Amino acid sequence: MASDWGGMVTAKNSNLGARATATLLAGTVLSAGIAAPVMAQQAAPAPAATPTPAAPSTTTVVPVPVAQQTRVVKTLRVEGSQRIEPETVLSYTKLRVGDTYTNESVDQAIKDLYASDLLADVEITGVEDGNLVIKIRENPVINRVIFEGNKRLKQDKIDKEVKLRPRQIFTRTAVRADVARIIELYRRQGRFAATVEPKMVSLDQNRVDVIFEIHEGAKSKVRQINIIGNEVFSDGKLRGEMATKEARLTTIFSSNTSYDQDRLAYDQQKLRQFYLTEGYADFRVVSAVAELTPDKKDFIITYKVEEGPRYKFGDITVDSAIRDFDDKKLAERLMIKKGDWYNAKLAEDAIDSLSETAGLYGYAFADVRPEYQRDKEALTMGINFHIAEANRTYVERIEITGNTQTQEKVIRREMRVAEGDAFNTFLVKRSQDRINSLDFFQDKFEIERKEGSSPDRIVLAANVEEKPTGSLSLSAGFSSLERFIIQTSIQQRNFRGKGQVLSASVDYSTYSKSVELGFTEPYLFDKNIALGGTIFRRDLNSFNYLGQDRQTTYSQVSTGFQLVTGIPLTEYWTFSGRYTLSEDDVSLDQATFYTGGQCDPLKAGRYYCEAVGNRLTSAVGLSLIYDSLNSRLRPTRGQRLVAGVDVAGLGGDVRYVRTRIDADKYWRVLGGFIFSLSAEGGAIKSLESSRGAGVDTVRITDRFYLGEPQFRGFDIRGIGPRVQRYSFSGDVASGTQALITGKDQFLDDSLGGKYYYLGKAELEIPLGAGAAELGLRPSIFVQMGALWGIAKPAKTMTFDQAKDGSGNLLFNADGSPSLLAKDNFIKDANGNQYYVVSASDGVNAGSLTTCAIGFSSSTASPCSGTSINAPYNVPTQPFIERFVGDTPKPRIAVGFGVNWNSPFGPLRLDISKALITAKGDDPKLFTFNVGTAF
């Protein structure tokens with residue numbers, strides 16, 4: 001049964017007089033009855049003569065002085081113990097057989113037993129004759145601890161905080177403490193209306209279930225933030241600097257609208273930092289008061305501030321006790337200038353800059369202390385940066401810990417300083433960036449600096465925390481490029497703990513398939529030489545659109561391998577070489593694009609028919625790479641430049657020279673924003689002889705292509721030279737012929753280009769910690785690029801233009817030329833003309849034959865009959881081919897995108913608007929990719 005909290009303390013002194021009883025009882029009630037009330041249990045009802053804790057409120061017990069009687073303890077025993085040994089009970093009192101005792105010592109013994117938190121009721125009898133009996137009722141044992149009503153706080157979070165556990169001794173003090181802990185947990189969540197009501201259910205064998213009934217209540221929001229005393233900046237401006245936000249419709253998704261005491265202190269610091277960066281050096285927060293509304297639903301926060309006057313920088317000097325430094329030159333290089341508005345952040349940056357400069361010269365522990373000279377009359381703040389004398393520091397040792405899988409040499413070879421070298425902050429920072437770029441360890445790894453065995457010695461500690469470097473993934477997704485996608489890959493980026501990369505992948509989609517196996521050794525024979533290789537098979541289907549239907553044009557199957565090596569020249573410059581051997585088989589669907597066993601230019605286009613065939617490409621390539629990025633995965637500063645050239649023709653069937661340049665630069669701006677500039681370009685020149693008029697010497701499969709995904713705002717291969725084929729409706733004879741120019745009603749074949757350039761400026765926008773943990777990285781961007789340079793392809797077919805009776809050329813009502821169908825006389829495989837048997841042959845009329853007169857069922861049989869037959873003609877309907885897009889004119893697009901490491905795999909969303917286009921370009925507003933790398 002559930003019981004209310006109550007309690008009773010009983011002290012019996014059987015044969016003493018009324019005065020002694022009153023004295024003992026009063027002492028017991030005052031010392032124990034109020035401070036430690038316990039549950040009243042049915043199993044042990046209290047004697048009727050014993051007062052309850054409520055008695056003092058209605059009846060006053062006045063101790064009556066009596067003469068102290070000293071007695072000797074003749075016997076001493078314990079009754080009522082079940083789990084607790086009698087010796088344990090006696091150990092909590094000072095009563096011993098043979099010792100003397102008084103009423104006060106008996107009273108103290110009762111207090112001591114209650115203080116043990118083991119007992120629910122204590123009674124001492126036999127006080128008059130010295131045969132003392134301590135009668136006890138033990139506190140129950142906790143059977144279960146149950147929480148009810150907790151929806152916002154999970155069970156495991158509460159379990160970590162509360163101290164009550166099953167099989168522990170139940171005490172009311174412990175319950176009260178746990179109630180306070182649970183309420184504090186809810187207050188941390190901003191739920192100040194939460195209440196906790198403890199209850200106890202008595203069980204047999206002196207056991208109880210403790211139940212905490214929790215009423216969580218709503219989160220206490222910040223209804224209003226008041227600021228008193230601000231004159232220079234508005235309330236809205238100052239609220240914007242705070243982490244805490246007012247509960248409004250515009251902040252419905254913010255987690256900072258709930259009250260948090262720690263956040264209140266943080267906001268005071270934020271206000272001070274803001275004013276200090278604006279020049280108000282005397283600013284202070286006089287008070288910050290948070291008031292809870294009567295309904296406990298909202299808080300009203302009020303700040304009282306004093307802004308003070310605005311200061312400017314005064315004289316800025318550097319006083320260095322290190323003789324290697326020129327004080328005047330150091331001061332000139334600082335970003336602080338006399339007369340500028342005072343900014344505390346610039347002062348902090350100056351300290352960091354001077355410390356970094358000292359570190360570059362080997363002074364690891366240089367002490368830079370600013371000495372502020374405030375002039376309240378002139379309102380200036382002069383600063384003298386004093387650099388204390390320090391010893392040049394040398395690296396005593398490098399400690400590497402935490403690497404359980406990665407071999408130590410993998411980490412050490414990324415260090416740009418060695419034991420015994422002079423300390424250099426730049427090289428230490430570079431070492432840190434290189435280790436981070438391995439992506440073997442926790443994010444934001446830092447090399448700790450510790451004092452060595454002497455003042456001129458330093459210890460560099462690389463305490464790494466390894467993270468999984470192997471990945472096994474099976475993902476499915478949908479791409480606006482490739483429709484349905486399935487990807488399977490396995491990769492170990494730290495194979496055997498040596499930093500080796502072993503990978504295998506299989507990709508399948510509607511328009512592409514690939515299988516790749518790769519291995520890379522970054523340090524061959526422990527030398528700074530990288531060697532890697534890849535074996536691949538790639539199937540690619542090119543396509544175009546007719547209406548909403550996407551149809552394959554040609555298929556390219558590439559099988560081969562590539563070997564790559566890299567040799568560092570300096571810290572940032574690397575020389576790379578590669579060799580590729582690939583067999584490419586280009587084919588067209590015979591059922592769609594072939595006629596009589598031959599590729600039909602009318603169906604496929606002359607340019608695609610020219611690409612059909614099997615070719616072997618043997619190419620060697622060289623690259624020069626400059627890389628100072630702080631991270632190869634998510635760079636925030638630094639730059640990268642790659643200039644490469646590939647030459648095909650060392651054997652094989654294909655000969656060309658192709659060159660490319662790619663450059664990227666990153667800056668961290670405006671706090672957490674990351675701004676980047678990217679530029680790339682390429683050119684290819686064939687080394688083969690001319691293949692005829694209207695045929696470019698660079699094959700269609702070796703050219704550059706531009707569009708989605710590298711150029712957002714345009715469809716895949718949506719930029720550059722292309723042939724658009726328009727057909728006609730109606731006919732010339734009836735005067736209804738018209739050119740069909742609807743966007744989705746003509747064939748559009750991208751032909752690629754020999755030259756291209758592409759530039760991009762992008763600003764990555766920082767989000768809060770919660771969004772960052774989800775992997776959300778939004779950005780805005782602008783791109784510019786072009787693709788051009790191939791020879792104008794020869795027309796697939798030319799058609800005669802109709803003329804009137806006077807010989808004048810005719811045009812259709814829409815302004816297009818009136819074109820006549822072209823005769824297309826059909827022949828058999830041996831080149832014999834087909835004829836249609838005339839109606840004069842009553843038996844074979846309408847049949848096809850190779851006889852100009854009469855009929856024969858085969859070319860081997862003689863012709864019989866006298867019918868005069870007409871040649872079999874299937875006229876080719878007229879069409880117009882337009883070669884467009886071959887121009888270096890820049891195309892420009894702007895847009896917004898977001899990367900998200902979703903549970904379904906990487907996702908990229910882009911909304912981009914093409915601002916400047918050329919004729920024939922194919923813009924695209926929205927693109928997305930799920931389940932494939934972006």
Side-chain angles (χ1 to χ4, degrees), residues 224-244 263-290 301-359 363 365-390 668-672:
Q224 188 173 344
I225 300 177
N226 299 320
I227 305 173
I228 302 173
N230 55 308
E231 297 178 357
V232 179
F233 299 102
S234 66
D235 290 3
K237 175 64 177 177
L238 297 181
R239 291 190 195 107
E241 295 296 324
M242 301 179 190
T244 304
R263 199 185 299 133
L264 182 68
Y266 176 70
D267 285 339
Q268 295 179 58
Q269 184 64 25
K270 290 278 288 181
L271 282 175
R272 176 162 176 76
Q273 289 177 354
F274 170 72
Y275 270 94
L276 287 177
T277 58
E278 294 294 331
Y280 295 88
D282 296 333
F283 171 83
R284 69 189 187 98
V285 178
V286 178
S287 64
V289 179
I301 301 176
T302 303
Y303 293 95
K304 185 177 180 181
V305 302
E306 288 183 2
E307 293 178 325
R310 193 179 189 187
Y311 286 77
K312 288 186 177 183
F313 280 114
D315 293 328
I316 305 299
T317 58
V318 175
D319 174 21
S320 174
I322 300 176
R323 289 178 294 178
D324 293 347
F325 296 155
D326 186 321
D327 297 349
K328 187 176 180 181
K329 289 184 177 180
L330 286 177
E332 290 174 352
R333 292 178 181 177
L334 296 177
M335 299 297 294
I336 303 175
K337 302 301 177 184
K338 182 178 180 180
D340 292 346
W341 290 113
Y342 173 72
N343 187 325
K345 181 65 169 59
L346 291 180
E348 293 177 4
D349 293 343
I351 296 173
D352 293 339
S353 175
L354 292 172
S355 298
E356 289 290 324
T357 302
Y363 298 95
F365 302 112
D367 184 13
V368 181
R369 297 184 180 181
E371 299 170 350
Y372 294 94
Q373 298 143 9
R374 188 191 315 247
D375 188 336
K376 293 189 176 183
E377 294 182 0
L379 296 180
T380 60
M381 181 73 73
I383 307 178
N384 176 54
F385 295 96
H386 177 71
I387 305 177
E389 186 175 0
R668 186 178 290 277
V669 297
L670 302 175

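Predicted model, so just to flag it, every value in this text is computed and none were measured.
Taking 4.5 Å as the limit, every side-chain heavy atom of K338 sits out of range of all side-chain heavy atoms of T380. A 4.5 Å side-chain heavy-atom check between V305 and Y280 finds every atom pair outside the cut-off. Between F385 and L334 the shortest side-chain heavy-atom distance falls below 4.5 Å. Contact check for L379 versus R310: no side-chain heavy atoms found under the 4.5 Å cut-off. Inter-residue side-chain proximity for T244 and Y266 is flagged as unmet; no heavy-atom pair is nearer than 4.5 Å. Counting only heavy atoms from C-beta outward, the side chains of D340 and L346 never approach each other to under 4.5 Å.
Heavy-atom contacts from other residues, nucleotides or ligands closer than 6.0 Å to NZ of K329 number 12 or fewer. When the shell of 6.0 Å around OH of Y372 is examined, it contains more than 12 heavy atoms from other residues, nucleotides or ligands. The neighbour count for E332 CD, taken as heavy atoms of other residues, nucleotides or ligands under 6.0 Å away, is above 12.
Contact between F313 and N343 at its shortest, heavy atoms only, is CZ-N, 3.3 Å. The two residues A290 and L264 come nearest to each other via the heavy atoms CB-CD2, 4.4 Å. The nearest pair of heavy atoms linking I383 to P370 is CG2-CB, 4.0 Å. Taking each heavy atom of M381 and A281 in turn, the nearest pair found is CE-CB, 3.6 Å. Nearest approach of Q268 to A288, heavy atoms of both residues: NE2-CB, 3.5 Å. In this structure, L238 and I227 approach most closely via the heavy-atom pair CB-CD1, 3.6 Å.
The side chain to side chain donor-acceptor pair (under 3.5 Å) test with Y275 singles out one residue from E241, E307, K270, E306, and that residue is E307.
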Chi angles and distances behind the side chain to side chain contact (heavy atoms under 4.5 Å, CB included) call for D349, M335: CA-CA 8 Å; D349 293 343; M335 299 297 294; over 6 Å; no
Report the C-alpha separation of I301 and D267 in whole Å, then their side-chain angles, then the decisive distance to 0.1 Å, and conclude whether the side chain to side chain contact (heavy atoms under 4.5 Å, CB included) test is met. CA-CA 11 Å; I301 301 176; D267 285 339; over 6 Å; no
Candidate pair E278 and F233, rule side chain to side chain contact (heavy atoms under 4.5 Å, CB included), full reasoning: CA-CA 10 Å; E278 294 294 331; F233 299 102; 3.7 Å; yes
With side chain to side chain contact (heavy atoms under 4.5 Å, CB included) as the test, would you mind laying out the steps for N230 and F283 before giving the verdict? CA-CA 10 Å; N230 55 308; F283 171 83; over 6 Å; no
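Atoms CG and CZ, on L271 and R284 in that order, are 14.0 Å from each other to the nearest 0.5 Å. Here Y303 contributes atom OH and I228 contributes atom CD1; the two are 12.5 Å apart, rounded to the nearest 0.5 Å. Note: T317 OG1 to H386 NE2 = 11.5 Å, rounded to the nearest 0.5 Å. W341 CH2 to K312 NZ: the interatomic distance, rounded to the nearest 0.5 Å, is 4.5 Å. K345 contributes atom NZ, which lies 13.0 Å from atom CG of L276 (distance to the nearest 0.5 angstrom).
D327 places a side-chain N or O within donor-acceptor distance of the main-chain N or O of S320, the cut-off being under 3.5 Å.
Counting only N and O atoms by type, the side chains of Y311 and D375 include no donor and acceptor under 3.5 Å apart.
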Anything under 3.5 Å between a donor and an acceptor, one on a side chain of residues 352-359, the other on a protein residue two or more places apart or in another chain? List them.
unit_1	atom_1	unit_2	atom_2	d
S355	OG	I351	O	3.0
E356	OE1	T425	OG1	3.4
T357	OG1	S353	O	2.8

